[in-house]
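The block underneath contains the structure these notes are about, expressed in structure tokens.
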Amino acid sequence: MKHLNVGLIGGGFMAKAHSLAYATMPMFFWPAPAIPVRKAVADVNLELAIDAKNRLGYEKAYGDWRELVNDPEIDVIDIVTPNHVHAEMAIAAAKAGKHILCEKPLARTAKEAKMMLDAVQAAGVVHMVAFNYRRTPAVELAKKFIQEGRIGKILSFRGTYLQDWSADPASPLSWRFKKDVAGSGALGDIAAHVIDMARYLVGEFESVNALVKTWIPERPIQQSGVDKLGTVKSSDDTPKGVVDVDDEVNFMIHFESGAIGSIESTRNAHGRNNYITFEIHGEKGSIFFNYERRDELQVCFADDPVDAKGFRTIYTGPAHPYGEGLWPIPALGIGYSETKIVECYDFMKAIVDGNGVSPDFNDGYQIARICDAVLESGTRQEWVKISWIE
Ligand code: NAI
Ligand code: SOE
């Protein structure tokens with residue numbers, strides 16, 4: 001069986017999720033397309049890299065990601081760092097002939113994402129961007145129903161991604177609140193996941209019209225380290241810095257198909273945790289998904305008997321997408337890790353088969369164009385066509 005040596009860049013939240021997937025994917029999908037080997041990890045210095053190596057089960061540690069990218073033993077580079085370094089790292093990895101998995105958002109801007117796309121295409125390597133939520137079996141089931149025409153022509157898409165970890169002004173100014181590091185706020189960080197699902201399920205965006213707000217314009221400066229997502233508060237005397245990204249974006253969508261839609265996203269919605277939802281209305285039925293109840297897909301079909309018409313719940317399991325590898329009984333519990341395990345499986349399979357995989361860097365680029373258009377629309381207060389964004 002083929003082994004693929006993984007070089008991971010970054011040792012924070014996503015490093016844990018991806019490493020868990022490398023360790024466990026073959027336990028779910030056997031025979032695995034390839035065995036991922038946790039070969040080496042890099043962080044900003046050797047001390048952090050060694051800590052990540054020991055914690056996450058890697059063989060080698062590098063204090064400089066460039067050494068990792070140029071390590072001849074490495075087949076795959078996995079970028080799980082903050083967004084401002086994705087482009088430099090991915091372009092170097094492509095030039096070194098490595099296959100690349102890069103966390104979302106692919107880049108801070110469409111321009112940066114395009115450079116990454118050009119680099120992987122020139123190098124001929126397999127590339128994937130980690131919009132993992134579409135790999136929830138219930139989301140894949142929604143895709144299957146749409147493809148089979150079960151809800152007919154799609155009329156509208158209504159999506160949300162709401163969290164509350166940044167609602168407290170004492171939550172520190174981590175990298176996620178700095179435009180030069182993150183690119184944007186709630187938009188690129190979380191709305192981008194819903195944009196990915198909207199493109200996947202409904203199709204390309206034609207134009208957007210957005211409201212963009214920053215509710216908390218300054219926060220206590222976080223000195224360094226990983227983003228603790230509001231769980232560690234700053235003391236009252238911590239110096240403050242400016243938040244120059246959006247806290248909330250709400251926007252309307254014209255899809256190229258003629259469907260219409262909307263997406264609402266904020267990290268300041270008290271009481272909401274990882275509230276990713278979409279409701280899709282078609283001429284022959286409706287579909288509703290809520291990630292906080294991710295074993296379930298709610299469906300209503302127009303031809304249901306009139307006295308029994310209404311949303312009903314399907315619990316995903318062996319009869320559904322990825323059911324052959326995941327758990328043998330519906331509702332045993334699909335978790336966040338499972339989305340990453342499936343992502344890892346599809347990525348490894350694409351490398352071994354020599355095929356592309358979706359979402360790839362082109363998807364990441366198209367999503368970056370939509371994000372740029374949302375910000376542009378927020379500033380201009382008018383509809384912005386995606387075709388205007390390079
Ligand atoms: P984090 O703040 O927890 O960890 C970032 C890690 O990268 C830290 O270990 C840091 O020291 C390291 N790092 C920073 N600059 C580096 C450099 N130049 N060289 C080597 N290492 C460097 O961040 P988190 O939450 O893991 O986010 C990383 C990426 O994953 C981001 O792009 C984020 O948007 C994405 N993400 C995706 C999620 C998903 O569900 N798909 C969930 C959380 C984050
Ligand atoms: C913080 O908002 C965050 O970790 C995002 O960065 C992820 O992309 C999201 O999936 C979970 O929340």
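Heads up: numbering here begins at 1 and tracks the sequence. All figures in this text were calculated on a predicted structure; none of them were measured in a lab. Order of appearance sets the numbers: ligands from 1, and atoms from 1 within every ligand.
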For H193, the atoms of ligand 2 under 4.0 Å from one of its heavy atoms are 7 (C), 8 (O), 9 (C), 10 (O)
Donor-acceptor pair between N268 and S166 side chains, under 3.5 angstrom:
yes
Please report which non-hydrogen protein atom sits nearest to atom 26 (O) of ligand 1, along with the residue it belongs to and the distance in Å to one decimal place.
M14 N, 2.8 Å
Looking only at non-hydrogen atoms, find the nearest pair between E103 and V129 and report the distance.
O-CG2, 4.1 Å
Within the 4.0 Å heavy-atom cut-off, what K340 brings close to ligand 1 is side chain
Show your working on side-chain contact (heavy atoms from CB on, under 4.5 Å) between M252 and V208 and close with a plain yes or no.
CA-CA 6 Å; M252 296 183 288; V208 290; over 6 Å; no
Output yes when the distance from some N or O of ligand 1 to some N or O of R176 is under 3.5 Å, and no in every other case.
yes
D43 side chain to A52 main-chain N or O, any donor-acceptor pair under 3.5 Å?
no
Within 45° of the six-membered ring axis of F177 and under 6.0 Å from that ring's centre, is NZ or CZ of R267 located there?
yes
Could you give the distance from CZ (F278) to OH (Y133), rounded to the nearest 0.5 Å?
13.5 Å
Taking only heavy atoms of Y133, which atoms of ligand 2 are found under 4.0 Å from at least one of them?
9 (C), 10 (O), 11 (C)
When you look for heavy atoms under 4.0 Å from ligand 1, do you find them on the side chain of Q222, its backbone, both, or neither?
neither
Can you tell whether the side chains of D196 and K104 come within less than 4.0 Å, N to carboxylate O?
no
Sub-3.5 Å N/O-N/O distance, F13 and ligand 1
yes
Of the side chain and backbone of Y291, name the one, both, or neither that has a heavy atom under 4.0 Å from an atom of ligand 2.
neither
Considering only non-hydrogen protein atoms, determine which one is nearest to atom 4 (O) of ligand 1 and report residue, atom name and distance to 0.1 Å.
G12 CA, 3.4 Å
At a 4.0 Å threshold, what atoms of ligand 1 neighbour a non-hydrogen atom of I9?
20 (C)
Answer side chain, backbone, both or neither: which part of F131 comes under 4.0 Å from ligand 1, heavy atoms only.
neither
Atoms in ligand 2 flagged as close to L229, the criterion being non-hydrogen separation under 4.0 Å
1 (C)
How does K104 reach ligand 1, by side chain, by backbone, by both or by neither, if only non-hydrogen atoms under 4.0 Å count?
both
Taking 4.0 angstrom as the limit and counting only heavy atoms of K104, give me the atoms of ligand 2 inside it, by number and element.
5 (C), 6 (O), 7 (C), 8 (O)
Which of the atoms in ligand 2, numbered in the order shown and given with their element, are less than 4.0 Å from a heavy-atom of Q163?
1 (C), 2 (O), 11 (C), 12 (O)
I want to know if ligand 1 touches M89 in the polar sense, i.e. an N/O pair below 3.5 angstrom.
no
If we only count N/O pairs under 3.5 Å, is H84 in contact with ligand 1?
no
Taking it one step at a time, do L173 and V243 satisfy side-chain contact (heavy atoms from CB on, under 4.5 Å)?
CA-CA 7 Å; L173 186 81; V243 173; 3.6 Å; yes
Can Y22 and D78 be counted as having a side-chain donor-acceptor contact under 3.5 angstrom?
yes
Without hydrogens or angle criteria, can the side chains of T136 and T339 be said to hold a donor-acceptor pair below 3.5 Å?
no
Near H86, which atoms of ligand 1 are under 4.0 Å from a heavy atom of that residue?
32 (O)
Mind checking whether K16 has a heavy atom under 4.0 Å from ligand 1?
no
Note: D43, heavy atoms under 4.0 Å from ligand 1, region reported as both
Between S358 and R134, a side-chain donor and acceptor under 3.5 Å:
yes
